[in-house]
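As structure tokens, the structure follows; a few thoughts come after it.
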Amino acid sequence: MNIMNTTDIVIRSATAADLDTIVAFNAAMALETEHKQLDPHVLQRGVGKAIADPDRCAYFVAEIDGRVVGQTMVTYEWSDWRDGWFWWIQSVYVHPDYRRRGVFRALYQHVRAQARARPDVCGLRLYVEGQNHRAQQTYRQMGMAPSGHLVYEDDWSHHV
């Protein structure tokens, strides 16, 4: 494993110029992790709306030598029990050529630092496919632990 110096990895907020890369990364992630082919038109609209509306979510990208090699998105959930926001880490993707080199670690540390700097944020959460053991190991190494909750959904987005 060739871990990069995190100073070689630049983390920044995504812009409209990153739209095509994020769409491609999301499509690749869905195929790789869930064996799903996403509708490219729906995906492009969804990512475009996400980038344009910071109240909806925030995308961050990781660059090495000016090339975007990774991404994550943060969405927000209010916790009345904690009187604070949980930031949900979603859409995590690192280009296969750059995996196991510290890219996700840099993204995570950036998001965590931003969240910790805000007194209204109470924690970070993410969900992971049950069989994605490598990702689960990575998240444990970042200091995260299973919450004990299972995620259920009623997803009708694929029905027309």
Side-chain angles (χ1 to χ4, degrees), residues 1-77 85-118 121 123-147 151 155 157:
M1 172 177 16
N2 180 16
I3 304 266
M4 301 193 75
N5 183 337
T6 55
T7 59
D8 297 335
I9 303 169
V10 175
I11 308 299
R12 63 171 176 79
S13 295
T15 68
D18 299 308
L19 177 68
D20 291 339
T21 300
I22 293 171
V23 167
F25 282 4
N26 280 341
M29 173 184 27
L31 190 59
E32 181 180 322
T33 62
E34 299 183 31
H35 310 291
K36 288 185 181 179
Q37 292 268 354
L38 300 180
D39 180 319
H41 302 293
V42 172
L43 184 55
Q44 181 130 11
R45 282 195 318 267
V47 172
K49 288 177 183 176
I51 291 172
D53 184 358
D55 290 332
R56 190 179 302 245
C57 66
Y59 265 105
F60 299 95
V61 295
E63 287 185 336
I64 296 174
D65 296 328
R67 176 183 179 196
V68 175
V69 299
Q71 70 178 39
T72 194
M73 178 181 72
V74 173
T75 59
Y76 318 106
E77 174 191 13
W85 292 100
F86 273 103
W87 282 12
W88 279 84
I89 298 172
Q90 300 186 58
S91 298
V92 173
Y93 186 79
V94 175
H95 188 281
D97 294 346
Y98 293 88
R99 292 182 184 165
R100 313 305 293 173
R101 296 170 72 182
V103 174
F104 174 71
R105 177 178 297 280
L107 282 162
Y108 179 79
Q109 288 173 340
H110 179 83
V111 168
R112 188 173 193 278
Q114 288 207 346
R116 295 285 303 197
R118 293 187 48 160
V121 177
L124 299 175
R125 287 183 169 163
L126 58 78
Y127 53 87
V128 60
E129 286 292 313
Q131 300 306 310
N132 193 342
H133 301 293
R134 177 176 267 182
Q136 292 173 39
Q137 178 184 9
T138 297
Y139 301 146
R140 276 192 219 66
Q141 289 171 348
M142 296 295 114
M144 299 188 88
S147 69
V151 176
D155 180 359
S157 65

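Values reported hereafter were calculated over all heavy atoms of this structure, with side chains retained and with hydrogens, waters and symmetry mates removed.
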Is a donor from one side chain sitting under 3.5 angstrom from an acceptor on the other, for Glu129 and Thr33?
no
List the atom of Met29, the atom of Ser91, and the distance in Å for their closest heavy-atom pair.
CE-CA, 3.5 Å
State whether a side-chain donor-acceptor pair under 3.5 Å links Thr138 with Arg105.
no
Glu32 with Arg134: basic N within carboxylate O range, under 4.0 Å
no
Which atom pairs, donor and acceptor, lie under 3.5 Å between side-chain atoms of residues 20-27 and protein residues at least two apart or in another chain?
unit_1 : atom_1 : unit_2 : atom_2 : d
Asn26  : OD1    : Gln71  : NE2    : 2.7
Asn26  : ND2    : Tyr59  : OH     : 3.0

How far apart are the C-alpha atoms of Gln37 and Leu31, what are their side-chain angles, what is the distance that settles it, and do they pass the side chain to side chain contact (heavy atoms under 4.5 Å, CB included) test?
CA-CA 6 Å; Gln37 292 268 354; Leu31 190 59; 3.9 Å; yes
Shortest non-hydrogen contact from Ile11 toward Ala62:
CD1-CB, 3.5 Å
Are the side chains of Val92 and Tyr139 in contact, using a 4.5 Å heavy-atom criterion?
yes
Main-chain N/O of Gly130 paired with Gln136 side-chain donor or acceptor, under 3.5 Å:
yes
CE on Met142 to CD on Gln109, rounded to 0.5 Å:
6.5 Å
When rounded to the nearest 0.5 angstrom, what is the spacing between CH2 in Trp85 and OG1 in Thr75?
10.5 Å
With sequence neighbours excluded, tell me which residues meet salt bridge (charged side-chain N to carboxylate O under 4.0 Å, His left out) with Asp55.
none
When rounded to the nearest 0.5 Å, the distance separating CD1 of Ile89 from CG of Leu124 is 4.5 Å
Does the side chain of Tyr76 come within less than 4.5 Å of Trp88's, by heavy atoms?
no
Taking atom NE2 of His41 and atom CG of Leu43, what is their separation to the nearest 0.5 Å?
11.0 Å
For Arg56 and Lys49, the nearest pair of non-hydrogen atoms, with its separation, is NE-O, 3.9 Å
How long is the span from the OG atom in Ser13 to the CD1 atom in Ile51, to the nearest 0.5 Å?
10.5 Å
Gly70 versus Leu107, closest heavy-atom pair with distance
C-CD1, 4.0 Å
Side-chain donor or acceptor of Arg101 paired with backbone N/O of Asp97 under 3.5 Å
yes
Side-chain donor or acceptor of Thr72 paired with backbone N/O of Gln90 under 3.5 Å
yes
Please, which pairs that meet salt bridge (charged side-chain N to carboxylate O under 4.0 Å, His left out) have at least one residue in residues 61-71, sequence neighbours excluded?
Arg12-Glu63
Relative to the ring of Tyr108, is the ring of Phe104 parallel (under 30°), tilted (30 to 60°) or perpendicular (over 60°)?
tilted
Closest approach of Ala115 and Val121, non-hydrogen atoms and distance?
O-CB, 3.5 Å
Is the count of non-hydrogen atoms from other residues, nucleotides or ligands lying under 6.0 Å from His133 atom NE2 greater than 12?
yes
